[in-house]
Protein chains: 2
Amino acid sequence: MYSYMKRDSRLSSVLHALLHMAEHDGPMTSETLGQCLGANPVVVRRTMGLLREAGLVSAERGHSGGWRISADLKTVSLRQLHAALGEPAIFAIGNRNETPECLVEQAVNAALDKAFLEAEALLLDRFADVTLADLAADFARRHAERRATRD
Amino acid sequence: MYSYMKRDSRLSSVLHALLHMAEHDGPMTSETLGQCLGANPVVVRRTMGLLREAGLVSAERGHSGGWRISADLKTVSLRQLHAALGEPAIFAIGNRNETPECLVEQAVNAALDKAFLEAEALLLDRFADVTLADLAADFARRHAERRATRD
DNA sequence: CTTCATGTAACTATACATGTTACGATTCAG
DNA sequence: CTGAATCGTAACATGTATAGTTACATGAAG
Ligand code: FES
Ligand code: FES
């Protein structure tokens with residue numbers, strides 16, 4: 001019943017959900033989104049709730065309720081979504097002791113931190129460069145390509 | 001009794017241990033290294049064992065036994081150590097589904113993968129640029145600096 | 001032979017995203 | 001007004017990998 005769970009996939013999940021919602025008229029329920037993502041509806045509510053708190057989506061309860069995007073696709077970057085999710089840890093590797101007295105360990109930490117900070121800065125810059133509108137356009141391109149291949 | 005454990009700190013640990021060994025005459029026991037690192041001796045043996053399999057250190061049993069470096073500090077890079085540890089996952093974030101049929105998710109994965117691969121390449125390049133000798137030199141610099149501050 | 005030290009197996013502890021169940025709150029169809 | 005639909009949230013279970021711990025076998029030095 002449980003699939004391999006090794007990494008935080010919430011950014012991937014919300015991106016998929018948001019693009020799905022962008023292509024869809026009217027609100028989408030957690031149940032429907034959960035089926036698209038292969039995820040539990042409660043997990044969808046939990047995760048989308050973070051985007052709601054960030055003002056990126058809104059939710060309506062009751063009949064014909066569900067989730068809606070409440071922001072311009074062109075203004076929402078992956079970095080904003082990462083921030084909305086609480087800026088989860090990016091790396092699975094880190095220092096053993098963050099504030100060591102030992103000079104050897106300080107030298108080790110300095111070298112590792114430098115590399116990690118550079119990589120993190122690059123990643124967040126790339127995230128800042130990509131908007132939901134970009135992803136929607138890429139999806140449209142792939143869609144057209146598939147149609148062309150079929151003909 | 002348990003400290004916060006959220007990330008793989010083995011690279012940090014082996015670097016600390018190796019530099020300690022480099023400054024030390026004769027072999028060092030897992031017990032001693034464990035005290036330096038604030039780690040369990042069995043964990044030290046487990047982790048150093050991976051370096052032994054990579055030919056970077058050797059171990060001797062019995063009286064006055066322990067761990068020795070069996071490689072030139074100038075030739076061992078952080079990247080080699082990362083490889084010796086089995087190339088553990090670098091990122092704590094990833095895609096939900098690595099091979100989706102859905103075109104939306106394919107567009108999402110492509111964007112995320114591109115950013116992650118760039119960041120990973122940068123990190124591994126930085127790792128390849130730093131050798132144990134570099135870290136030892138940085139330690140020596142810090143050591144001299146502390147002495148100067150004390151005077 | 002006794003002691004020291006590695007080599008390993010087996011089990012436990014921890015953190016955290018995710019899965020699951022349950023129930024309350026709200027909205028709307030009829 | 002009643003009941004179904006849907007979000008909001010608490011509470012608990014699950015899976016995974018590193019790290020901690022215990023136990024014992026193996027081998028080397030004195
Ligand atoms: S867009 Fe809904 S399954 Fe991918
Ligand atoms: S060098 Fe041994 S404690 Fe850091």
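Source: prediction; values computed, not measured. Per chain, numbering begins at 1; letters A, B, ... match sequence-line order.
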Whichever of Arg52(A) and Arg46(B) has the more 5' nearest nucleotide on DNA chain D, that residue is Arg52(A)

Map Gly65(A) and Val42(A) onto DNA chain D by nearest heavy atom, then report which one ends up closer to the 5' terminus. Gly65(A)

For the residue pair Phe91(A) and Phe91(B), categorise the inter-ring angle as parallel (less than 30°), tilted (30 to 60°) or perpendicular (more than 60°). parallel

Phosphate OP1/OP2 of [N]: any [X] side-chain N/O under 4.0 Å:
| X | N | result |
| --- | --- | --- |
| Asn40(A) | dT20(C) | yes |
| Ser9(B) | dA19(D) | yes |
| Ser30(B) | dT6(C) | yes |

With a 3.5 Å cut-off and no angle check, do the side chains of Thr32(A) and Thr29(A) form a donor-acceptor pair? yes

Listing request: all ring-ring contact (aromatic ring centres under 6.0 Å, His included) pairs with a residue in residues 53-83 of chain A, at least two apart in sequence or in separate chains. none

Using a cut-off of 4.0 Å on non-hydrogen atoms, how would the nucleic acid contact of [X] be classed: base, sugar-phosphate, or nothing?
| X | answer |
| --- | --- |
| Gly49(A) | nothing |
| Arg10(B) | sugar-phosphate |
| Glu31(A) | nothing |

Residue pair Arg7(A), Glu98(B): steps toward the salt bridge (Lys or Arg N to Asp or Glu O under 4.0 Å) verdict: CA-CA 12 Å; Arg7(A) 304 189 282 186; Glu98(B) 289 300 339; 3.2 Å; yes

Tabulate atom names and distances for all N/O pairs under 3.5 angstrom spanning the protein and nucleotides 24-27 of chain D.
residue : atom : partner  : partner atom : Å
dT26(D) : O2   : Arg61(B) : NH1          : 3.2
dG27(D) : N2   : Gly62(B) : N            : 3.2

Which residues share a side-chain contact (heavy atoms from CB on, under 4.5 Å) with Leu85(B), sequence neighbours left out: Arg10(B), Leu11(B), Val14(B), Thr47(B), Leu50(B), Leu51(B), Pro88(B)

What is the distance from CE of Met21(A) to P of dC7(D), rounded to the nearest Å? 10 Å

Between Leu50(A) (CG) and dC7(D) (P), how many Å, whole number? 16 Å

